[in-house]
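Order of appearance sets the numbers: ligands from 1, and atoms from 1 within every ligand.
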Amino acid sequence: MAVLVTGGAGYIGSHMVLALLDAGEAVVVVDDLSTGFRTAVPEAATLVEGDFGDQALMERTFAEHGVDAVAHFAARIVVPESVSDPLGYYLNNTAKARNLIESAVRAGIGQFIFSSTAAVYGETDSGQVTEDRPLKPVSPYGRSKLMVEWMLEDAGRAYELRSVVLRYFNVAGADPKGRAGQSTRDATHLIKVAVQTALGRRKQLEIFGQDYPTPDGTCLRDYIQVTDLAQAHMDALRYLRAGGASLTCNVGYARGYSVKEVVDVVRKVSGAAVPAVMSPRRAGDPAAIVASNDRIRAELGWVPQHDDLSEIVAQALDWERRLHNRDAG
Ligand SMILES: NC(=O)c1ccc[n+]([C@@H]2O[C@H](COP(=O)([O-])OP(=O)(O)OC[C@H]3O[C@@H](n4cnc5c(N)ncnc54)[C@H](O)[C@@H]3O)[C@@H](O)[C@H]2O)c1
Ligand SMILES: O=c1ccn([C@@H]2O[C@H](COP(=O)(O)OP(=O)(O)O[C@H]3O[C@H](CO)[C@H](O)[C@H](O)[C@H]3O)[C@@H](O)[C@H]2O)c(=O)[nH]1
């Protein structure tokens, strides 16, 4: 038995690969290395370099490795890029996911875990978002993911396929043992940008908008640590293998931090000034988005271990230093 991880050379997928290997699972990664890194895949896992939408490749890989479950992470993930290249996003995130689901069904693989996103909700009020909230994504990225949720729902009714859809909130931090972290080139995520600024790799950071209807006028987000997120997938895998029915869950800590609060924590943890300038709002940013996590706790028994913004920032700083030393070396 093996678990197939698409996008396992990327930021979040590589943490899932570590969690699986730590649990003694056999792991096959399929990744085209478009934004991922060969070095992010440990030797104990098999890396197949290729496109997860290539049905011949996937069906061969499923058979060769005795795959019993798929964890599908691979995608394009930059919201503004999805606005300028929607068809590219619908191809990679939606059309190829359709092929992958079909390949899994043909191969008789009935267990599927899908990386969805809080972006499927669109604008919400500042309260906690429950999974049954109406879904009104405001970006092609969010829509490209929501269509995969629908395909899984419909395929689950028609075929022997059960899925857990995990809607991640804002993912941050790194493996506490320092084995993995976010290496994304030209990253746009707030915590990554802020720690790069703290370490002098960027001159300053921009705070996008300070006139939102939030306590300090900057956007509120729910920052979820990447190892806790990987654990949610491990809980989902156990649940599916035990025969659990298809399920959709948020993954977040049910607590929001403003952009200014995040920058202050980065200043405190790094001891650096972190120069920040006020900029206009960024297109497509909802004011506030915070998870309700009652369902994932109840249904999957998920218990977060790293719900501490200072710890998350310290991990991101540590990883950034390692990256720099590696590049410098
Ligand atoms: N980072 C976040 O805050 C966040 C939030 C919500 C949801 N997600 C979702 O989590 C998943 C992983 O995101 P990430 O932050 O690790 O991104 P990432 O860019 O680091 O990882 C994506 C991986 O998929 C690979 N890939 C892309 N297209 C491929 C293809 N056609 N065939 C094979 N491999 C392909 C890339 O090379 C990369 O290794 C994505 O599905 C994303 O939508 C991320
Ligand atoms: O340099 C920066 C970067 C970000 N921000 C602000 O910080 C907040 C968080 O922004 P990120 O870019 O870190 O994350 P997003 O909330 O835009 O989006 C992330 O979380 C979403 C779900 O909530 C999606 O899944 C998406 O893929 C993922 O990138 C936003 O208010 C943004 O405007 C800044 O002010 N300056």
Enquirer: Enumerate, one pair per line, all nitrogen or oxygen atoms of ligand 1 lying under 3.5 Å from a protein nitrogen or oxygen, stating the separation to 0.1 Å; write 'none' if no such pair exists.
Expert:
unit_1, atom_1, unit_2, atom_2, d
ligand 1, 3 (O), V171, N, 3.4
ligand 1, 16 (O), Y11, N, 3.3
ligand 1, 16 (O), I12, N, 2.8
ligand 1, 19 (O), T35, OG1, 2.7
ligand 1, 20 (O), Y11, N, 2.9
ligand 1, 26 (N), D32, OD1, 3.4
ligand 1, 28 (N), N92, ND2, 3.0
ligand 1, 31 (N), D51, OD1, 3.2
ligand 1, 31 (N), N92, OD1, 2.8
ligand 1, 32 (N), F52, N, 3.2
ligand 1, 34 (N), D32, N, 3.0
ligand 1, 34 (N), D32, OD1, 3.3
ligand 1, 37 (O), D31, OD1, 2.7
ligand 1, 37 (O), D32, OD1, 3.4
ligand 1, 37 (O), S34, N, 3.0
ligand 1, 37 (O), S34, OG, 3.3
ligand 1, 37 (O), T35, N, 3.0
ligand 1, 37 (O), G36, N, 3.1
ligand 1, 39 (O), G10, N, 3.1
ligand 1, 39 (O), D31, OD1, 3.2
ligand 1, 39 (O), D31, OD2, 2.6
ligand 1, 39 (O), G36, N, 3.3
ligand 1, 41 (O), F73, O, 2.7
ligand 1, 41 (O), K145, NZ, 2.6
ligand 1, 43 (O), Y141, OH, 2.6
ligand 1, 43 (O), K145, NZ, 3.1

Enquirer: Measure up the F73 and Y168 rings against each other and bin them: parallel (under 30°), tilted (30 to 60°), perpendicular (over 60°).
Expert: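 F73 vs Y168 ring planes: tilted.
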Enquirer: Evaluating non-hydrogen atoms only, which member of R282, Q210, K260 is closest to atom 10 (O) of ligand 2?
Expert: R282
Enquirer: Give the residue and atom name of whichever protein heavy atom lies nearest to atom 19 (C) of ligand 2, and the separation in Å to one decimal.
Expert: N170 ND2, 3.5 Å
Enquirer: For atom 6 (C) of ligand 2, what's the nearest protein heavy atom and its distance?
Expert: V259 CG2, 3.7 Å
Enquirer: Considering the heavy atoms of I77, write down every atom of ligand 2 situated less than 4.0 Å from one of them.
Expert: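 Numbered from 1, ligand 2 contributes 27 (O).
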Enquirer: When you compare the side chain of H233 with that of L229, does any pair of heavy atoms fall below 4.5 Å?
Expert: yes
Enquirer: Return the set of residues passing side-chain contact (heavy atoms from CB on, under 4.5 Å) with D51 (not counting sequence neighbours), or none when no residue passes.
Expert: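 For D51 the side-chain contact (heavy atoms from CB on, under 4.5 Å) partners, ignoring immediate neighbours, are D54, K96.
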Enquirer: Using a 4.0 Å heavy-atom cut-off, which part of Y257 comes near ligand 2: side chain, backbone, both, or neither?
Expert: neither
Enquirer: So between V78, V263, T117, whose heavy atom ends up nearest atom 25 (O) of ligand 2?
Expert: T117
Enquirer: Say you draw a straight line from OG of S103 to CZ of R60; how long is it, rounded to the nearest 0.5 Å?
Expert: 11.5 Å
Enquirer: Considering only non-hydrogen protein atoms, determine which one is nearest to atom 13 (O) of ligand 2 and report residue, atom name and distance to 0.1 Å.
Expert: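 For atom 13 (O) of ligand 2, the nearest protein heavy atom is L190 N, 2.8 Å.
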